[in-house]
**Q** 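Structure provided below as structure tokens; questions to follow.
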Amino acid sequence: MKKLVVVFLVLVSINTFSQKFEGLAETPPLGWNSWNTFATDINEELVKGIADKFIELGLKDAGYEYIVLDDGWMAKERDANGNLIADPVKFPNGMKALADYIHSKGLKFGIYNCAGSKTCGGYPGSRGFEYQDARLYASWDVDYLKYDWCNTEKLNAEGAYMTMRDALKKAGRPIVFSICEWGDNEPWKWAKDVGHAWRVTGDIINCWDCEIGHGSWSSRGVWKIINLREDIRKFAGPGHWNDYDMMEVGNGMTDAEDRSHFAMWSMLASPLIMGNDLRTASKETVKTLANKEVIAVNQDKLGIQGFRFSNENNFEIWLKPLEKDAWAMTFVNMSDETKSIDFDWIKHGFGDDLNGKWVDLKQQKFSIRDLYNHKNLGDTSSNLKAEIGSHDVLMIKMVKK
Ligand code: GLA
């Protein structure tokens, strides 16, 4: 009997201390991260300014929540007790004050570190300090941790991320745990119970379909990332997402390309983490990022990642099943010129094998809503006709009639 009690207590304690915080990121996280535009050139004024813009530009209202400081927020050395310290020049009032500011706006605060001995930018990493760092973040009221993978030598990825997960759990504050090991160790296969999202590739770059090699890794544009990770949709769902990286909307692609990029990240149920300077963003960029109808596709409660339906005649067509038997459908014009679609619903029919969802368009009609132009486009009883500019998108929601 005694033995049984001991086994029971051990099981209870393992259960208490070795699982991620549940109930977080039930839909993909929405937010902003400093890296794509600012790299390590970040400071308190910038971050406060971004928080202000969340409110002013209607981004908070559209659902964006997390403001995440990426690499470069720390001093180059830990203090005498081994604690991380905020860079005193960049963040003169420290991290707790910044967290308080962000929270006072009704937003949430995210921070970055790395599983290795140093971060990718050469700042102190968490290796060997996981529990101490987790306690510190909790004391600063951090809500989100992006955890990178530089300088990890022969560390086992699953083990390293589990250690940090356990450290966060032990620290007791619910913190979204965003795994960033670039897909090197196929985190989609093991990270469901470890983190709330995992990066699936190396770093994004602000181009439509380019790839730039850096020796052991490449930066990839929007379509290179999408095409590299086609077969992992079954691993994503509420609380555990494939992360296609921070967005490059507003960072130099055309407005049409930005619309397509945003539509695709929404179809893929990826975290939507803005990566541009919101203080100088154009009207068109804000219009794209704050589009509630598109965001609703990303945030759909079913949490099913979309998939490629077809790729013909220069059109990528993607589908995503939504709640209440609705669907999102996205047509992207991959060509260099404006093209027309004349889409015959009856001829095509569609469904999602993985989730056992099928639609018989001979029996069932759907109404069609254009999510970028905020217009109703009739229903599926006649062909869907539209002109779509080069690299632009028609994104629709279909609702059963
Ligand atoms: C890696 C990550 C990036 C960014 C940098 C910071 O490259 O993949 O997203 O966090 O490190 O140094």
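Below, all heavy atoms of this structure are taken into account, side chains as well, without hydrogens, waters or symmetry copies. Computed from a predicted model, the values in this text were never measured in an experiment. In listed order, ligands and their atoms are each counted from 1.
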**Q** When you take the SG atom of each Cys, Cys114 and Cys120, is the space between them under 2.5 Å?
**A** no
**Q** Heavy-atom contacts with ligand 1 below 4.0 Å: which residues, ordered by chain and residue number?
**A** Trp35, Asp70, Asp71, Tyr112, Cys120, Gly121, Lys146, Asp148, Cys180, Trp182, Arg199, Asp203, Met246
**Q** Sort out for me which residue in Tyr112, Tyr137, Tyr66, Phe109 forms a ring pair (Phe, Tyr, Trp, His ring centres under 6.0 Å) with Tyr144.
**A** Tyr66
**Q** Taking the side chain as everything from C-beta on, heavy atoms only, tell me whether Leu84 gets closer than 4.5 Å to Gln132.
**A** no
**Q** Under 3.5 Å, which donor-acceptor pairs link side chains of residues 321-330 to any protein atom two or more places apart or in another chain?
**A**
from	atom 1	to	atom 2	distance (Å)
Asp325	OD2	Lys400	NZ	3.4

**Q** Please determine whether a side-chain nitrogen of the Lys or Arg among Asp352 and Arg233 lies less than 4.0 Å from a carboxylate oxygen of the Asp or Glu.
**A** yes
**Q** Exactly one of Glu316, Glu257, His391 should register a side chain to side chain contact (heavy atoms under 4.5 Å, CB included) with Trp223. Which one does?
**A** Glu316
